[in-house]
Protein chains: 2
Amino acid sequence: MVKSTRPREGGTASRALDVAERLVQVRGFNAVSYADVSKELGVTTAALHYHFAGKAELGEALIIRYRERFNDALEAIDRDTSDAHAKLEAYADLYSGVLRNDRMCLCGMLAAEFDSLSTGMQGAVLLFFKENEAWLADVLQEGREAGTLEFKGTPLEEGRSILSCLEGAMLVARSFGEIGRFQQVVDHLLAMLRPSAQSG
Amino acid sequence: MVKSTRPREGGTASRALDVAERLVQVRGFNAVSYADVSKELGVTTAALHYHFAGKAELGEALIIRYRERFNDALEAIDRDTSDAHAKLEAYADLYSGVLRNDRMCLCGMLAAEFDSLSTGMQGAVLLFFKENEAWLADVLQEGREAGTLEFKGTPLEEGRSILSCLEGAMLVARSFGEIGRFQQVVDHLLAMLRPSAQSG
DNA sequence: GTCTATAGGCAGATAGAC
DNA sequence: GTCTATCTGCCTATAGAC
């Protein structure tokens, strides 16, 4: 079960998650230590253990909060945007924002380290992906019905492709330190979804 | 400079690379230790240090050999296949093979851990990507001229998109343990390149 | 909630014998 | 080329004072 005991905003637990999130998104989970987080936080590792029983629990809390915030952002998109194509652009912008902060998507990063994670963290990562795919599928379905998006196969299949491509584009673009590489893939993907888009 | 001092096939250095390669592709570089590799190899860590000065040197040798073998495979595709579309299918099959062994692309894995790698390893990873993109660009150019492939933009841009999408598809598919997810993205990408392919 | 102190283990790495 | 032995440092984690 992926529960959410939201730590109080501004409290130590919350700030610990802020620091850990950034470090993990930049270096990877296995390259971040309790000492890294607690030092930057200005407390001892013992204090950190008071808030999170172990590194795995800290990692799980990290994913859960990331996922909740991401879902909030998706709801905001649904609220503010009606056109399906514009929703996809807004979705891609979420990723662009992460990349501009020199970070990788938290769950994309953890997907690479998947086999070395606790089962709790693994489950939380997969849940994040599933919810993203489901949201994308809904948007694609809307767009298809409204005639503003065209694609082969089912909305879920197309959503899965989009998620995979965005994660990969982040991964590679960040290595090169060239955000333009990410945007190019996004433009390519969105162009393919335009009604009657010719491939060549 | 990315030099290649090929270790003798079957020797300790070569077998060490075999073991390390598999472990890194499964767990990630930062979750693999000298002890892990040497233990599985049946030698001590001191012996491993005789062949590779440090973990970074081992890592670099890993990428260099991986890259050389990958380039050999690309040459083989060029030799055995004339149709551009078939070349792309063969290229995707290289990745499928990696995934079937429950592994991630070595350089995709290291791209996630990029910021925690030595500069030598970083350079080798980027070189791998660049060479892949260049090969893809060549194939795409051939296909466009032969009329067997259609795509928007330059061959290099399209090649970069393909590389990113394949790496991302591996990343996500492997987390779910569902190779079918990877194949679905591949089918989608290849379908988009068919001449006169309609998007919807 | 945070601290000091410390345990126990594993990391990468080296010296020197064989 | 491989070994034993060892070093130093960092890791996660805990006990107990404040």
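Values reported hereafter were calculated over all heavy atoms of this structure, with side chains retained and with hydrogens, waters and symmetry mates removed. First the proteins, then the strands, lettered A, B, ... as listed; each starts at 1.
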- prompt: Which residues in residues 11-19 of chain B have at least one heavy atom lying under 4.0 Å from any atom of DNA chain D?
  reply: B:Thr12
message: Assess, by modelled atom type and distance only, whether the side chains of A:Glu158 and B:His188 contain a donor and an acceptor separated by less than 3.5 Å.
response: yes
message: Please verify the inter-ring angle class for B:Phe70 with B:Tyr95; under 30° counts as parallel, over 60° as perpendicular, anything in between as tilted.
response: perpendicular
query: Where along nucleotides 4-18 of chain D does protein come under 4.0 Å, by heavy atom, of base (B) or sugar-phosphate alone (S), with - for untouched nucleotides?
result: B------SSBBB---
query: Does the side chain of A:Phe114 reach to within under 4.5 Å of the side chain of B:Leu171, using non-hydrogen atoms?
result: no
message: Taking salt bridge (charged side-chain N to carboxylate O under 4.0 Å, His left out) as the cut-off, I'd like each qualifying pair that reaches into residues 14-28 of chain B, sequence neighbours left out, listed once.
response: B:Asp18-B:Arg65, B:Glu21-B:Arg65, B:Glu21-B:Arg103, B:Arg22-B:Glu40, B:Arg27-B:Asp36
message: Below the 4.0 Å mark, does C:dG1 have OP1 or OP2 next to a side-chain nitrogen or oxygen of A:Tyr50?
response: yes
message: With side chain to side chain donor-acceptor pair (under 3.5 Å) as the test, pick out the partner of B:Lys87 among B:Asp80, B:Asp138, B:Asp78.
response: B:Asp78
message: So, applying side-chain contact (heavy atoms from CB on, under 4.5 Å) with B:Cys105, which one of B:Glu167, B:Arg174, B:Gln25 is it?
response: B:Glu167
query: Mind checking what makes side-chain contact (heavy atoms from CB on, under 4.5 Å) contact with B:Arg8, not counting sequence neighbours?
result: none
message: Between A:Glu178 and A:Arg181, does any side-chain N to carboxylate O distance fall below 4.0 Å?
response: yes
message: Please report the end-to-end axis angle for the helix from C:dG1-D:dC18 to C:dC18-D:dG1, five pairs per end, rounded to 10 degrees.
response: 10°
Separation of atom CG in B:Leu58 from atom P in C:dA11, rounded to whole Å: 14 Å
- prompt: Roughly how many Å is it from CG in A:Leu41 to P in C:dG1, rounded to a whole number?
  reply: 13 Å
- prompt: Quick one: ring-ring contact (aromatic ring centres under 6.0 Å, His included) partners of A:His49, sequence neighbours excluded?
  reply: A:Tyr34
query: If you look at every heavy atom in A:Ala84 and A:Gly143, which pair is closest and at what distance?
result: CB-CA, 3.5 Å
